[in-house]
Amino acid sequence: MKPTLGLTGLTINAMALIAPGAFLWLTFQEQALYGAPAAGASMWFGIVGALLLCLATAVSYAELSKLYPGAGSSYFYAEQAFLSKSKAFRFARVMKFFTGWASHLYYWVYPGCMVGVTAILAGYLLNQFFPDTFSSNYNSPLFMILFCIVFTVGIGYIAFRGVTGTTAVNMAINIIQISALLVFSVIAIAYRTKHPDGSVGYHLSNGVAVNYQVFQDTVKDDKGAPVPVLDANNKPTVDDKGQPVYQMADQTDKDGNPVPADKDGKAVTDPKLAAPFTVSYQMADAYTTDPATKVTTFNFHPTAKSVIGPHSFNFVFIQACVAILILVGFESVTAMGEEAKNPKKDIGRAVLLSLVIQGAVCYLIEYFAANYLLHNGYTLPQASGSGAPIGDMMVIVGTWLFGSYQAGRAFMLVQAFTVFLALIGTTLACLSTGARVTYAMGRDEEVPSHFGLLHGKTLSPHRSIWTLAIISIVIGMITVSIYLGGSSPAALDKHNIWYSFGIFAPETYAKLPNTLLIITLISNFGTFLLYMTTCIIAIVAFREHHMFNGFKHLVVPVFGLLANLACMLFYLIGPWTVAGMSVKEPYIALGVAFLWGAYGWYYFAKSSKTKGKEMILTAKPAV
């Protein structure tokens, strides 16, 4: 392979997988929901915590790439590091297999997660183009299932043909993403600045941004009976006079436009006669407490200082456990050692630069802007129940800036198109990376050897690619199955073949686990495990080495090790230390990780016995 990549080329390729514009759109809803009702207040600072964890891990990757400058990964680093030691060499095969197996919990789940979130984005966009057929509150389960199949087969075929993202394409994706990100961020901050407390602003009504109050009427079920508001015990609530309280919903006219309401809440035909919608950033509205349960809900930030505040140590951990998803991928450039002109010098710098540019600059700017934009017209609980909260925000700011809902919607669609393009590249990159890890283990016969075969014409690891593609289809379907779990959406407003199955009652969604969050947490657990292992490998690799540096080779990797371990432990203790946090998603993720680990140990022991290989080496293998 001819070395063609300098520092710029390597950095651009690593940046493409991190994809800040795409992940803001994709993960904001999860971050709003996980740890609800109050942990969303620490979203920005949670990203800082995850960034510090990743930087510590990135330093370990960077230093290992100097020691082993060829095309590598943690899987190969583990073997080389342990074999180089006079005593620790005995554990070389165990650590190599453990690293590869842990990598699969990340690399096999992550592509499926990308397929799922892309399906959710596509489902959201369907309502924008076909509002009479597709609901604004629910994506069609049938469509998302079909999309998972078609999209994954298409990505798998591209990978099978041996086509991966070139540096020029990745550079174009990065320029488009970052430009779109900065445009939205500037407009979002400008909206908040130009709409002080008490001014007339915009809010969403059935997906349409309006600056007036909207007429509400009682929600009725299929039989025409009013739908009651249910309490935490799923029982109908009553007011102070003992009268039942019914669900209310914004009403639309025959053209789908929100019906204006006057100051008394009565419907009017002319929006000019409607009561204006008034923006609030008051603390009393930012945090609301349920008098019955005493649980406090975070709605929005009253000040800019609140956006960047940690608020709670537990909240920061909750957000970091999700935010790791948006930062992974920087390590992928370590596999490009053979393509680098100066791998010892540039690989490590590219790892760190990609993470700093995308994480410390792009993500922190865009997440500040999105959180700063929140107000009583669009709250964090609303974001947690939306299929695309960033799309909703873009409609609001676009309507304000360009003067009409149609223009605001067009602004959102342009941004969504850039996200979709980035997702194609990101999904292709992570599927190809995952297939390479499986191929490497197959070549070493640590997994079935057929995974280590290359196609005769395309020279791609075709069996690994198509196996991962099938797994990604299944995981993608699981991801979208109950992506509204844990939220309380409005009643379904469309009844056709697209919604013939897979839809639950609004009160049922509140009780169900969120499958998008479960898949994210499983992938993230694999990431934490892999990154922690890499930090351990770095400590071992430089122990008693002449290049040893106490800070880079001990302090930093130990911090990375402990930070990754703490995030994994928080899966276990978080639900018991944070009020209102669901136990279902993190514990299901832990169960899957445990089963994966248990099966891995069983497979490794059985395979070693069958092939007559030592699990614990008694002598270094001959070179």
Side-chain angles (χ1 to χ4, degrees), residues 73-76 78-79 82 91-113 115-116 321 324 328 430-431 433-453 461 463-479 481 513 515 517-534 536-537 564-565 567-569 571-572 584-617:
S73 65
S74 295
Y75 176 68
F76 290 108
E79 183 179 43
F82 278 80
F91 305 102
R93 184 165 177 255
V94 171
M95 282 302 299
K96 184 181 182 183
F97 180 85
F98 178 83
T99 304
W101 198 257
S103 298
H104 278 71
L105 193 60
Y106 161 31
Y107 287 124
W108 272 19
V109 177
Y110 185 72
C113 184
V115 170
C321 285
I324 192 70
V328 298
C430 65
L431 190 144
T433 302
R436 283 202 299 269
V437 173
T438 307
Y439 163 74
M441 292 189 73
R443 190 178 57 186
D444 290 348
E445 296 187 347
E446 295 293 2
V447 295
S449 59
H450 64 79
F451 286 122
L453 300 176
R463 297 205 175 179
S464 296
I465 287 172
W466 288 117
T467 298
L468 183 51
I470 293 171
I471 292 171
S472 297
I473 290 173
V474 175
I475 292 177
M477 290 179 179
I478 295 172
T479 301
S481 60
T515 50
L517 187 53
I518 289 171
I519 297 300
T520 298
L521 291 177
I522 293 172
S523 175
N524 288 357
F525 193 91
T527 302
F528 291 132
L529 194 58
L530 173 62
Y531 286 0
M532 182 184 74
T533 305
T534 302
I536 294 173
I537 293 168
N564 281 287
L565 179 61
C567 286
M568 288 188 287
L569 289 175
Y571 279 48
L572 190 66
K584 296 188 285 288
E585 291 86 0
Y587 272 58
I588 292 173
L590 281 175
V592 172
F594 174 79
L595 290 175
W596 180 252
Y599 177 69
W601 179 255
Y602 166 77
Y603 177 85
F604 182 58
K606 182 180 179 181
S607 175
S608 298
K609 183 177 181 180
T610 302
K611 297 174 182 178
K613 290 185 177 181
E614 293 179 316
M615 294 174 62
I616 305 297
L617 304 181

Under 3.5 Å, side-chain donor or acceptor atoms of residues 588-607 against the rest of the protein: list the pairs with distances, not counting sequence neighbours.
{"unit_1": "W596", "atom_1": "NE1", "unit_2": "W101", "atom_2": "O", "d": "3.0"}

Using the side-chain hydrogen bond (donor to acceptor under 3.5 Å, both in side chains) criterion, which residues pair with [X]? Sequence neighbours excluded.
X    : result
T438 : H104, W108
Y110 : none
T527 : none

Would you mind reporting whether [Y] and [X] have side-chain heavy atoms less than 4.5 Å apart?
X    : Y    : result
M95  : E79  : no
I324 : C567 : no
M441 : F97  : yes
L572 : Y587 : yes
I473 : V115 : no

Whether the side chain of [X] engages the backbone of [Y] through a donor-acceptor N/O pair (distance < 3.5 Å, no angle test) should be reported.
X    : Y    : answer
T515 : I478 : yes
S464 : F451 : yes
K611 : E445 : yes

Quiz item: If you count the non-hydrogen atoms of other residues, nucleotides and ligands that lie under 6.0 Å from NZ in K609, is the total more than 12?
Solution: no

Self-check item: Those residues that, when tested against T433, pass side-chain contact (heavy atoms from CB on, under 4.5 Å) (two or more places apart)
Solution: Y107, R436

Self-check item: Set of residues satisfying side-chain contact (heavy atoms from CB on, under 4.5 Å) with respect to T534, sequence neighbours excluded
Solution: S60, Y61, L64, S74, L530

